[in-house]
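Below is one structure, written out as structure tokens; the observations come after it.
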Protein chains: 2
Amino acid sequence: MLGKLWLIPNTLSEGPIERSIPEEVRDVASGLTHFFVESEKGARAFLKRLPLRIPIQDAEVLALDDSRAMERMLDVLRQGRDAAILSDAGLPCVADPGAQAVLQAHRIGAEVKPLVGPCSILLALMGSGLNGQSFAFCGYLPVEKIERERKIRELEQLSSRHKQTQIFMETPYRSQKLFESLLETCSDGTWLSVAANLTSADQTIGTRRVAEWKNGRVEFGKAPCIFCLSSLP
Amino acid sequence: MLGKLWLIPNTLSEGPIERSIPEEVRDVASGLTHFFVESEKGARAFLKRLPLRIPIQDAEVLALDDSRAMERMLDVLRQGRDAAILSDAGLPCVADPGAQAVLQAHRIGAEVKPLVGPCSILLALMGSGLNGQSFAFCGYLPVEKIERERKIRELEQLSSRHKQTQIFMETPYRSQKLFESLLETCSDGTWLSVAANLTSADQTIGTRRVAEWKNGRVEFGKAPCIFCLSSLP
């Protein structure tokens with residue numbers, strides 16, 4: 001009998017863990033002992049907030065990018081013990097590492113158990129008011145100006161052609177730059193939603209047409225932002 | 001001062017609400033009084049599981065497809081009182097009604113507050129082991145055979161061209177038929193993941209290449225299913 005592979009959500013922001021992690025998830029996570037993680041530091045900070053059933057120093061915490069991680073995880077599962085994948089923030093495997101490990105767990109026939117938790121992409125989409133019947137997430141946009149503007153125009157076309165909300169993100173220190181690039185490049189009628197600091201006390205979500213965003217200065221500072229774009233009328 | 005518009009997640013399956021709804025979310029929801037909902041029946045079943053702070057018969061519960069709903073919701077917000085959007089299952093506004101109401105709330109300047117809860121689309125993606133760095137959700141596939149097969153081939157092409165996992169769903173009684181259509185239409189090398197009965201005790205998630213799915217009969221019965229498809233090697 002193989003062990004199960006649990007996919008454990010992490011919080012997106014400071015503040016009480018009860019805000020975004022259901023208690024059954026915390027209960028399951030507390031009983032686990034082998035964690036394969038985005039970063040050891042991020043994982044240990046999360047595990048310290050759980051009532052772990054073993055001393056934290058006895059838990060195995062191994063970064064997914066460690067060359068030994070995949071074989072070790074499969075060994076744990078083959079020995080009939082459960083393993084967990086954990087990211088530094090949000091859902092593992094979604095804009096985050098873990099998918100390769102999940103695929104390997106499927107290959108050996110282990111049961112995969114994704115758990116409920118916060119996902120900035122979906123919170124931004126819900127909160128945007130833009131089309132949630134059809135949407136695409138495409139990660140980060142190119143950093144280089146010409147490439148980025150080309151990509152923004154492609155996203156407008158994809159949104160129009162497939163009636164699809166296009167979702168993308170940016171590292172905090174480049175959010176303002178991307179926002180200004182969007183205002184310069186998009187059609188005035190394009191809808192743009194910006195969700196900043198999701199789940200934190202400073203959370204803001206604004207949805208306007210590009211022409212309306214241009215009236216008045218908006219500063220996102222160093223906030224982590226998720227952007228949703230729609231070319232629908 | 002305008003009221004806030006809260007977007008309240010609902011459970012995906014029977015069983016304890018603690019499994020998938022964080023306690024802070026239940027706490028916020030319990031204090032609300034004006035609910036704009038997918039169906040009155042589904043909403044009341046959820047509200048009965050909360051420690052609502054008013055008698056349930058005093059809560060306003062109005063279906064979003066009622067012609068009075070939008071104006072009424074905006075009135076509540078304009079009067080400085082909070083309102084909520086609630087679906088029968090999962091996240092409002094994501095493959096579910098609510099986006100138009102959220103957009104109108106943004107138009108009048110009300111604060112929109114999406115809350116954390118279960119999303120079958122994201123649980124399926126996490127659990128699939130397929131690419132979660134770039135993905136698209138496209139709702140339901142066409143029912144008519146020729147149209148459906150055309151769409152499946154288009155999804156394979158989109159997945160290959162944009163390196164994007166394609167996610168779609170089906171009503172329970174047609175899941176088996178769609179599954180068989182996928183096996184008939186897709187290339188043997190295409191990855192197909194099927195997540196059935198997510199968050200319930202009967203949950204299963206399987207990811208295989210189409211050629212492997214063809215070896216052996218799989219029955220999904222009347223299970224609600226989410227499908228993830230990837231043409232990556």
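Quantities reported herein were computed from a predicted structural model and do not represent experimental measurements. Each chain gets a letter, A, B and so on, in the order its sequence line appears, and its residues count up from 1.
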Non-hydrogen atoms of Val116(B) and Gly117(A) that approach each other most closely: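 So the two residues come closest at CG1-C, 3.5 Å.
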
Closest non-hydrogen atom pair between Leu130(B) and Ala99(A), with its separation: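 Taking Leu130(B) first and Ala99(A) second, the nearest heavy atoms are O-CB, 3.6 Å.
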
Counting heavy-atom pairs closer than 4.5 Å to chain B, which one of [options] comes out on top?
{"options": "Pro9(A), Ala195(A), Gly98(A), Ala95(A)", "result": "Ala95(A)"}
{"options": "Gln203(A), Gln133(A), Arg107(A), Arg26(A)", "result": "Gln133(A)"}
{"options": "Pro16(A), Cys93(A), Pro97(A)", "result": "Cys93(A)"}
{"options": "Ser134(A), Gly127(A), Ser128(A)", "result": "Gly127(A)"}
{"options": "Gly109(A), Gly139(A), Ala105(A), Gly129(A)", "result": "Gly129(A)"}
{"options": "Leu123(A), Leu198(A), Val112(A), Leu7(A)", "result": "Leu123(A)"}

Region of Gln164(B) in contact with chain A, defined by heavy-atom distances below 4.5 Å: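 For Gln164(B), the contact with chain A is made by the side chain alone.
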
Parallel, tilted or perpendicular: rings of Phe135(A) and Phe135(B) (30°, 60°):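 Taking Phe135(A) first and then Phe135(B), their aromatic rings stand perpendicular (interplane angle over 60°).
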
Quick one: what part of [X] sits under 4.5 Å from any heavy atom of chain B, side chain, backbone, both or neither?
{"X": "Ile21(A)", "result": "backbone"}
{"X": "Gln166(A)", "result": "neither"}
{"X": "Asp27(A)", "result": "neither"}

Quick one: of [options], who has the most non-hydrogen atom pairs under 4.5 Å with chain A?
{"options": "Asn131(B), Thr199(B), Leu115(B)", "answer": "Leu115(B)"}
{"options": "Lys163(B), Arg208(B), Glu212(B)", "answer": "Glu212(B)"}
{"options": "Gln100(B), Gln104(B), Arg19(B)", "answer": "Arg19(B)"}

Kindly indicate whether the side chain of [X], heavy atoms from C-beta on, has any atom under 4.5 Å from the side chain of [Y].
{"X": "Pro92(B)", "Y": "Met126(A)", "result": "yes"}
{"X": "Pro114(A)", "Y": "Ile205(B)", "result": "yes"}
{"X": "Leu158(A)", "Y": "His162(B)", "result": "yes"}

Leu122(A) CG to Ile121(B) CD1 distance, which is reported to the nearest 0.5 Å: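 So the gap between those two atoms works out to 7.0 Å.
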
Nearest-0.5 Å distance that lies between atom CD in Glu23(A) and atom CD1 in Ile17(B):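 Between atom CD of Glu23(A) and atom CD1 of Ile17(B) there are 10.0 Å.
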
Whether over 12 other heavy atoms sit under 6.0 Å from Glu14(B) CD: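 Counting neighbours around CD of Glu14(B), 12 or fewer heavy atoms of other residues, nucleotides or ligands fall under 6.0 Å, so no.
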
